[in-house]
Amino acid sequence: MSKTLFEKIIAREIPAAIVYEDESVLAFRDIHPAAPTHVLIVPKKAIPRIAETAVDEQQLLGHLMLKAAAVAAQLGLDKTGYRLVINNGKDGGETVPHLHCHILGGRHLAWPPG
Ligand code: AMP
């Protein structure tokens, strides 16, 4: 199967502004920021979307969430607040079939989302 866009970023085949990396996740700035700070954090494992995660990926998902909060703090968002978003499927607005969590902050975010 061909690599997803995010697998290519993980493999350094496509450039990205990386803000955090460890053995299992990578965080980089969104190319079309929807807020003053907009970072994506992705598992290096090619999981298409949250609906297709398995029980044995529980630890990886927990790590992804903990690191999303750590990256938000690293970027100073913990002082003012931020939002974590996972889009799943067509109505969820998913455009890249590689699990990713948006980290958004730096302005007040309206609720409900559009
Ligand atoms: P989603 O719509 O939830 O699937 O989110 C995909 C996100 O990937 C969008 O916010 C895009 O702006 C972002 N994106 C697309 N291409 C790139 C890229 N080359 N580098 C960084 N972010 C990207």
Side-chain angles (χ1 to χ4, degrees):
M1 253 180 32
S2 62
K3 284 183 184 170
T4 65
L5 177 63
F6 294 165
E7 283 178 279
K8 290 178 184 168
I9 288 175
I10 292 162
R12 306 300 203 271
E13 292 167 16
I14 290 177
I18 293 168
V19 298
Y20 176 78
E21 179 171 27
D22 65 25
E23 66 288 350
S24 53
V25 302
L26 184 74
F28 50 91
R29 294 192 188 273
D30 196 293
I31 204 163
H32 298 301
T37 300
H38 187 174
V39 165
L40 302 173
I41 185 164
V42 309
K44 290 185 174 178
K45 184 174 179 182
I47 299 168
R49 58 192 56 82
I50 193 71
E52 287 168 50
T53 50
V55 172
D56 67 1
E57 286 155 347
Q58 186 169 325
Q59 190 172 350
L60 175 59
L61 290 178
H63 184 74
L64 188 76
M65 289 293 97
L66 289 171
K67 290 303 173 186
V71 168
Q74 175 191 320
L75 299 173
L77 299 179
D78 55 328
K79 297 172 190 71
T80 45
Y82 57 89
R83 185 172 293 168
L84 303 181
V85 174
I86 296 176
N87 295 326
N88 188 95
K90 187 168 151 284
D91 280 358
E94 175 201 310
T95 59
V96 179
H98 183 121
L99 178 61
H100 51 283
C101 176
H102 296 256
I103 305 167
L104 296 147
R107 66 170 172 84
H108 179 75
L109 299 163
W111 190 264

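Values below: every heavy atom of this structure, side chains too, minus hydrogens, waters and symmetry copies. What you see is a predicted model, and the numbers here were worked out from it, not measured in a lab. In each ligand, atom 1 is the first atom listed, and ligand 1 is the first ligand listed.
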Check: More than 12 non-hydrogen atoms from neighbouring residues, nucleotides or ligands closer than 6.0 Å to CZ on R49, yes or no?
Finding: yes

Next item on the list: Please identify which atoms of ligand 1 are closer than 4.0 Å to at least one heavy atom of R29.
Entry: 21 (C)

Sequence neighbours excluded and cut-off under 3.5 Å, please list the side-chain donor-acceptor pairs for residues 70-81, or say none.
residue	atom	partner	partner atom	Å
Q74	NE2	V19	O	2.8

Item checked: I103 vs L40 side-chain heavy atoms within contact, under 4.5 Å -> no

Check: With under 30° as parallel and over 60° as perpendicular, where do the rings of F6 and F28 fit, or are they tilted in between?
Finding: perpendicular

Check: Can you tell me which residue and heavy atom of the protein come closest to atom 14 (N) of ligand 1, and the distance to 0.1 Å?
Finding: I31 CG2, 3.8 Å

Note to self: Please report whether ligand 1 has a polar contact with H102, defined as an N or O pair separated by less than 3.5 Å (distance criterion only).
What the structure shows: yes

Item checked: Smallest separation among heavy atoms of C101 and M65, with atom names -> SG-CE, 3.8 Å

Item checked: Any side-chain heavy-atom pair of T53 and L60 under 4.5 Å -> no

Check: Minimum heavy-atom separation for K3 to K8, with atom names?
Finding: O-CE, 3.8 Å

Next item on the list: Under 4.0 Å from a heavy atom of F28: give me the atoms of ligand 1 that qualify, with their elements.
Entry: 21 (C)

Checklist line | Taking atom 4 (O) of ligand 1 as the reference point, the nearest protein heavy atom with its distance | finding: T95 N, 2.6 Å

Check: Which residue owns the protein heavy atom closest to atom 5 (O) of ligand 1, what's the atom, and how far is it?
Finding: H100 NE2, 2.9 Å

Notebook entry, point to check: Where's the contact between L5 and ligand 1, heavy-atom distance under 4.0 Å: side chain, backbone, both or neither?
Noted result: side chain

Notebook entry, point to check: Going by the atom numbers of ligand 1, which of them fall below 4.0 Å from some non-hydrogen atom of E94?
Noted result: 4 (O)

Margin query: Tell me whether ligand 1 is touched by G93 - counting only heavy atoms on the residue side and a distance under 4.0 Å.
Written below: yes

Next item on the list: Mind listing the closest non-hydrogen atom pair of I10 and P43 along with its distance?
Entry: CD1-O, 3.8 Å

Check: Which atoms of ligand 1 have any heavy atom of F6 under 4.0 Å away?
Finding: 8 (O)

Notebook entry, point to check: Looking at ligand 1, does I9 have a heavy atom less than 4.0 Å from it?
Noted result: yes

Notebook entry, point to check: What part of D30 sits under 4.0 Å from ligand 1 if we count only heavy atoms: the side chain, the backbone, both or neither?
Noted result: both

Notebook entry, point to check: Are H100 and H98 near enough that their ring centres are under 6.0 Å apart?
Noted result: no

Notebook entry, point to check: What atoms of ligand 1 come within less than 4.0 Å of a heavy atom belonging to L40?
Noted result: 7 (C), 8 (O), 13 (C), 22 (N)

Notebook entry, point to check: What are the atoms of ligand 1, with element, lying closer than 4.0 Å to any heavy atom of V96?
Noted result: 4 (O), 6 (C)

